[in-house]
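One structure is given below, encoded as structure tokens.
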Amino acid sequence: MSHGPLRDRDDTANAAARTGLAAALDRGLAILNRIIVAFAALALVAACAILSYSVLSRALFKAANYWQDEAAVFLLVGATFMTAAYVQQNRGHIGIEAFVGLLSPLANRIRLWIVDAVTFLFCTFFAWKSWTLAHEAYVDGQVSNSMWSPPLAIPYSLMALGMSLLCVQILVQLALPFAGAKRP
């Protein structure tokens, strides 16, 4: 499995390649991703607090809790999708490295590029469908079926925005080698 940041992220040999448009986008995405991760961490803490409140209020006071579950789910959906670009940037996803030791470095770079290209195509399709889903929910005024009835455009928009950021991140990672940066 592949965990942790890219090995070449701090490599001095990449310093010259870190001056182009792709490198500037990569640095900008890194800053944006760190900000999003901080907000996602707050969203996770808020979801935990909301669910804890829900359990306690239901158990101790027999209080109705019609909004807590949905609010927690919205926060979790937002945290999950919005941090996808951060995970991709750091290659923190689970990757199977069974072939890494069997292939030459060149073959591994080609394999990684192909995987990134196919992933980009899938994520682009997913982002497009997410944006259409968010647009339909907004235009039609779709709400959830609960008593609280929050607009469904909220989680759909978070999903669409997160997938779009993931697409940009993958695109930058695909472009960096063409700008002279080394890949792991």
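Since the model is a prediction, treat every value here as computed from it, not as a measurement.
Environment of CG in Asn145: sparse, with no more than 12 heavy atoms of neighbouring residues, nucleotides or ligands closer than 6.0 Å.
Considering CG of Leu171 and CZ of Phe120, their distance stands at 4.5 Å, rounded to 0.5 Å. Note that CG of Leu25 is 4.5 Å distant from CG of Leu21, once rounded to the nearest 0.5 Å. The OG atom of Ser57 sits 5.5 Å away from the CD atom of Gln68 when rounded to the nearest 0.5 Å. Separation of atoms CZ (Phe122) and SG (Cys167) is listed at 10.0 Å; rounding is to 0.5 Å.
Taking all atoms of both residues into account, the shortest heavy-atom contact from Ala40 to Thr83 is CB-CG2, 3.4 Å. What you find for Ile36 and Met82 is that their closest heavy atoms are CG2-O, 3.2 Å. The two residues Ala85 and Gln169 make their nearest non-hydrogen contact at O-CG, 3.5 Å.
Ile31 belongs to a hydrophobic cluster whose remaining members, ordered by chain and number, are Ile35, Phe39, Leu42; membership requires side-chain heavy atoms of ILVMFWY residues under 4.5 Å apart, directly or through intermediates. The hydrophobic cluster analysis finds Val55 isolated: no Ile, Leu, Val, Met, Phe, Trp or Tyr side chain comes under 4.5 Å of it, directly or through other members.
Cys123 places a side-chain heavy atom less than 4.5 Å from the side chain of Thr119. Looking only at side-chain heavy atoms (C-beta outward), Asp26 and Gln89 come within less than 4.5 Å of each other. A heavy-atom distance below 4.5 Å is found between the side chains of Leu133 and Met159. Residues Leu106 and Arg109 have side chains in contact (heavy-atom distance under 4.5 Å, counting atoms from C-beta outward). The shortest distance between side-chain heavy atoms of Val143 and Pro150 does not fall below 4.5 Å.
Sequence neighbours left out, the pairs with a member in residues 127-175 that pass ring-ring contact (aromatic ring centres under 6.0 Å, His included) are Phe125-Trp128.
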Using a 3.5 Å cut-off and no angle test, enumerate the donor-acceptor pairs between side-chain atoms of residues 69-81 and protein atoms at least two apart in sequence or in another chain.
{"from": "Glu70", "atom 1": "OE1", "to": "Ser144", "atom 2": "OG", "distance (Å)": "3.2"}
{"from": "Glu70", "atom 1": "OE1", "to": "Ser146", "atom 2": "OG", "distance (Å)": "2.4"}
{"from": "Glu70", "atom 1": "OE2", "to": "Ser144", "atom 2": "OG", "distance (Å)": "2.5"}
{"from": "Thr80", "atom 1": "OG1", "to": "Leu76", "atom 2": "O", "distance (Å)": "2.7"}

Identify all side-chain donor-acceptor contacts of residues 47-54 below 3.5 Å with residues at least two apart in sequence or on another chain.
{"from": "Ser52", "atom 1": "OG", "to": "Cys48", "atom 2": "O", "distance (Å)": "2.8"}
{"from": "Ser54", "atom 1": "OG", "to": "Arg58", "atom 2": "NH2", "distance (Å)": "3.1"}
{"from": "Ser54", "atom 1": "OG", "to": "Asn65", "atom 2": "ND2", "distance (Å)": "2.5"}

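The residues Arg91 and Asp116 are annotated as salt-bridged, a charged nitrogen and a carboxylate oxygen being separated by less than 4.0 angstrom.
Hydrophobic clustering, with ILVMFWY side chains joined whenever heavy atoms are under 4.5 angstrom apart, keeps Ile154 apart from Leu44. Transitive grouping of hydrophobic side chains (ILVMFWY, heavy atoms separated by less than 4.5 Å) keeps Trp67 and Leu158 in distinct clusters. Under the 4.5 Å side-chain heavy-atom criterion for ILVMFWY residues, no single connected hydrophobic cluster contains both Val115 and Val118.
Gln142 and Glu136 are not linked by any side-chain donor-acceptor pair at a separation below 3.5 angstrom, with hydrogens and angles left out of the test.
Remark: of the listed residues Leu161, Leu165, Leu166, Leu166 is the sole one forming a side-chain contact (heavy atoms from CB on, under 4.5 Å) with Met163.
Under the rule for a side-chain hydrogen bond (donor to acceptor under 3.5 Å, both in side chains), Thr132 has no partner lying at least two apart in sequence or in another chain.
For Asn33 (side chain) and Leu29 (main-chain N/O), a donor-acceptor pair under 3.5 Å exists by modelled atom type.
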